[in-house]
Structures are given as structure tokens and as C-alpha cells.
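Presented below is the structure to which this report refers.
Here the structure is a predicted model, which means the values were calculated and not measured.
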Amino acid sequence: DCDDLGPLEEYVGCKIEYNKSEGFMKFTQPVLIQSFTDEFGIEDIETPPTPAPKGQVLRKADEKDCIKGENHTKYRQGVGKLLHLMKWSRPEVMNSVRELSRFMASGASMAHQKAMAHVMKYVVGTPNRGLLLKPNARWDGTKDFKFTILGRSDSDFGKCPDTRKSVTGYTTFLNGAPYKFRSVMQNIVTLSVTEAEEVAATECVQDMLFGMHLLESIGLMVNKPMILEVDNTGSKDIVDSWSTNGRTRHIAIKHNFLRELKEEGILFVKWIPEDINSSDLFTKNLGGSKFERFTAELTGRDEYMTLQGESVKGPGE
């Protein structure tokens with residue numbers, strides 16, 4: 001037996017704004033954000049323009065500088081809250097929170113605590129910003145309608161100063177609305193920028209395939225080939241060609257996976273300039289204007305944006 005409780009207004013701690021006439025859903029987490037003030041003393045003053053300073057990269061602290069006891073517990077609690085926040089409503093903080101989470105077990109110092117407080121100040125100062133799901137097309141109810149899946153991947157080569165591993169960042173869109181975004185340290189050490197981009201592209205395509213299989217399993221159709229956007233010409237050329245050389249032979253299995261999808265008409269790899277690759281948001285800490293442009297693709301335009309006009313795009317635009 002089920003009860004009709006009316007329109008969905010809350011889900012896993014998220015406040016949901018559902019505008020049926022304009023065709024969007026927006027996720028915010030006001031209660032969680034308030035806890036940053038109540039539990040961590042973060043005040044809504046001098047809001048930082050971004051979650052972290054441009055180019056900041058955290059590294060493991062020396063044992064003598066590590067925080068311990070109550071301070072370490074507080075750090076873990078704070079990062080845990082930020083992890084929940086970035087997953088459900090604030091994707092633009094994902095890269096900075098990913099870096100903080102690497103030191104939850106050990107290696108965190110006062111500098112890491114300061115970086116955590118910086119992210120919290122940014123979030124407290126932008127409480128109405130949240131994930132916006134606004135598709136650019138609606139299903140017409142027929143089996144002939146074709147959904148569009150697009151992926152956009154990026155990497156930051158050799159990002160970790162301790163392990164020299166690279167970072168993968170990507171977003172997958174269904175009719176212009178993001179259904180998966182990720183920022184994660186790669187589990188292998190890649191030997192070139194192109195290889196790091198290839199690893200990121202492969203992970204992105206796997207989630208694109210998940211979306212395709214899910215829709216097709218319930219009798220719906222997906223427009224093919226699906227488009228994967230990358231900002232590395234070497235990565236695109238590898239997928240478009242069956243040739244290999246000494247510098248790329250060792251990663252041929254991943255290449256073959258993407259090449260076969262291309263040959264089957266399932267995937268098409270498209271190069272885009274770095275300046276419009278919004279997945280850059282998930283691989284590095286960006287500066288003001290670039291950060292705002294890419295954030296707008298996930299949260300839409302809001303009152304905190306300083307850029308105006310066509311330079312800022314919303315989801316699906």
C-alpha cells in the first residue's frame with residue numbers, strides 16, 4: 001500500500017524545488033549548511049569567490065605537524081559533511097573536497113583545517129546555490145523518441161605531489177542535465193598527458209554506457225553515436241586510429257575498448273577547447289571567471305554570479 005504525499009519536497013536531506021512549468025528541479029541543503037555555522041563557527045562574512053584558491057594543491061603533512069585528537073576528529077566530521085554536500089547538491093566543490101578527503105585518515109595539518117574552513121565559508125556564503133536538473137528536451141511519451149547522452153572528460157596530469165598520480169574529472173549529461181559527475185585520483189601512474197586523458201575518457205564512457213543500457217532496458221531509445229568531448233587532440237587521435245607506437249602500446253586495451261565503440265557507431269569523440277571543457281572544474285582549483293562559467297553549467301545562473309550575458313551558460317544551453 002502506498003500513500004500519495006504530494007510533490008517531492010525533500011530527499012536524503014536535500015530541499016527540492018520542482019518547477020514543472022519551467023521544467024527543472026533544484027537541490028539545496030540548507031540544514032547541512034547551517035551546521036557549518038552551528039558546529040564549526042563559520043560565519044557568513046567575506047565569502048570567498050571559489051571553494052579554494054586558484055591552483056592550490058594539498059599534500060601530506062609531516063608527522064610532527066599533523067593534527068591529533070579532538071582536532072583530527074573535528075576535521076574528519078567536517079570533511080564527511082562536505083562529502084555529502086558535494087554528492088547531492090554542490091558539485092562545484094568536488095575537487096577541493098576530494099583533496100581534503102585524502103587526509104581524513106592521516107596527514108592533515110592546520111593548513112588542511114584552514115582549507116576545510118575556506119570551503120565551508122564559500123558554501124555558507126552561497127546557500128541558495130545548488131545542483132540544477134534542467135533538461136533541454138522532454139520525452140514525448142513515444143517509443144520513437146531518442147534521448148541524448150553526452151560525456152565530457154578531463155584530467156590533470158601528475159597532480160599529486162606525493163604519488164604523481166593524475167586526477168580524473170568528468171560529467172555525463174542526459175538531454176543536457178547532468179546525471180553523473182566525478183572527481184577522483186587515478187589508481188595508476190600514467191606516463192603522459194595523453195594517457196591520463198585516455199584513462200579519464202574511458203571512465204566517462206563507462207558511465208555513458210550505463211545510462212544507455214538503463215534507458216534501453218526499459219524500451220527507450222538513445223541517439224547514437226553518443227558524443228564524448230575531450231580537450232586533448234592526442235586522445236581523440238588514438239580513438240580515431242588503430243595504429244600504436246612505443247609510447248602508447250602499453251595502454252592498448254583501453255584504446256581498443258574506445259575504438260571498438262567508435263567502429264560500432266556507439267561513440268564519437270569530439271575535441272573541444274580547454275576553455276569550454278567544464279569538467280576542468282573537477283580536476284583543479286580554478287579562478288573566478290572560469291570557475292563561474294563552469295559552475296553555471298551545473299547550478300544555473302544565480303544571484304552570486306558576477307558574469308553576465310552569453311559568457312555564462314546554464315545546464316543544457
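At distances below 3.5 Å, not a single donor-acceptor pair connects side-chain atoms of T295 with backbone N or O atoms of E292. A donor-acceptor contact shorter than 3.5 Å links the side chain of T163 to the backbone of K165. T28 places no side-chain N or O within 3.5 Å of a backbone atom of P30 that could act as its donor or acceptor partner. Judged by distance alone, with hydrogens and angles left aside, the side-chain atoms of N277 form no donor-acceptor pair with the main-chain N or O of R152 at under 3.5 Å. Remark: side-chain polar atoms of Y179 are paired, donor with acceptor, to backbone N or O of D207 under 3.5 angstrom. Side-chain atoms of K270 do not come within 3.5 Å of backbone N or O of E229 as any donor-acceptor pair. Using a distance-only test at 3.5 Å, with no hydrogens or angles considered, a donor-acceptor pair links the side chain of Q186 to the main chain of A196. Looking only at distances, a side-chain donor or acceptor of K26 sits under 3.5 Å from a matching main-chain atom of N128. A donor-acceptor contact shorter than 3.5 Å is absent between the side chain of H112 and the backbone of M104. Judged purely by atom type and a 3.5 angstrom limit, N232 uses its side chain to pair as donor or acceptor with the backbone of S235.
Between the side chains of Q56 and H118, no donor N or O sits under 3.5 Å from an acceptor N or O. In this model, a donor atom of one side chain and an acceptor atom of the other lie less than 3.5 Å apart for D140 and T142.
A cation-pi arrangement, defined by a distance under 6.0 Å to the six-membered ring centre and an angle within 45 degrees of its axis, is present between K74 and F40.
R182 and E203 are joined by a salt bridge, as a carboxylate oxygen and a charged side-chain nitrogen come within less than 4.0 angstrom of each other. Using a 4.0 Å cut-off between charged nitrogen and carboxylate oxygen, E63 and K68 count as a salt-bridge pair. Taking the charged nitrogens against the carboxylate oxygens, K81 and E39 do have a contact shorter than 4.0 Å, which makes a salt bridge. Between E92 and R90 there is a salt bridge, with a side-chain nitrogen of the basic residue lying less than 4.0 Å from a carboxylate oxygen of the acidic one. Using a 4.0 Å cut-off between charged nitrogen and carboxylate oxygen, D162 and R59 count as a salt-bridge pair. Comment: E216 engages K224 in a salt bridge, judged by a side-chain N to carboxylate O separation of less than 4.0 angstrom.
At most 12 non-hydrogen atoms from other residues, nucleotides or ligands lie less than 6.0 angstrom from NZ of K15. In the displayed structure, K60 atom NZ is contacted under 6.0 Å by at most 12 heavy atoms of other residues, nucleotides or ligands.
Linking Ile, Leu, Val, Met, Phe, Trp and Tyr residues whenever their side-chain heavy atoms come within less than 4.5 Å places L215 and F145 in a single cluster.
Residues C204 and T172 meet the side-chain proximity criterion, which asks for heavy atoms closer than 4.5 Å. Annotation: side chain of L281 is not in contact with side chain of S278 (no heavy-atom distance under 4.5 Å). By the 4.5 Å heavy-atom criterion applied to side chains, L133 and F27 are counted as neighbours. Between N71 and Q113 there is a side-chain heavy-atom pair separated by less than 4.5 Å. Residues F268 and L228 are not in side-chain contact: their nearest non-hydrogen atoms beyond the backbone lie 4.5 Å or more apart. Here the side chains of T148 and L174 are not in contact, with every heavy-atom distance at 4.5 Å or above. The side-chain heavy atoms of K143 and L220, taken from C-beta on, include no pair separated by under 4.5 Å. Looking only at side-chain heavy atoms (C-beta outward), N175 and I149 stay at 4.5 Å or farther from each other.
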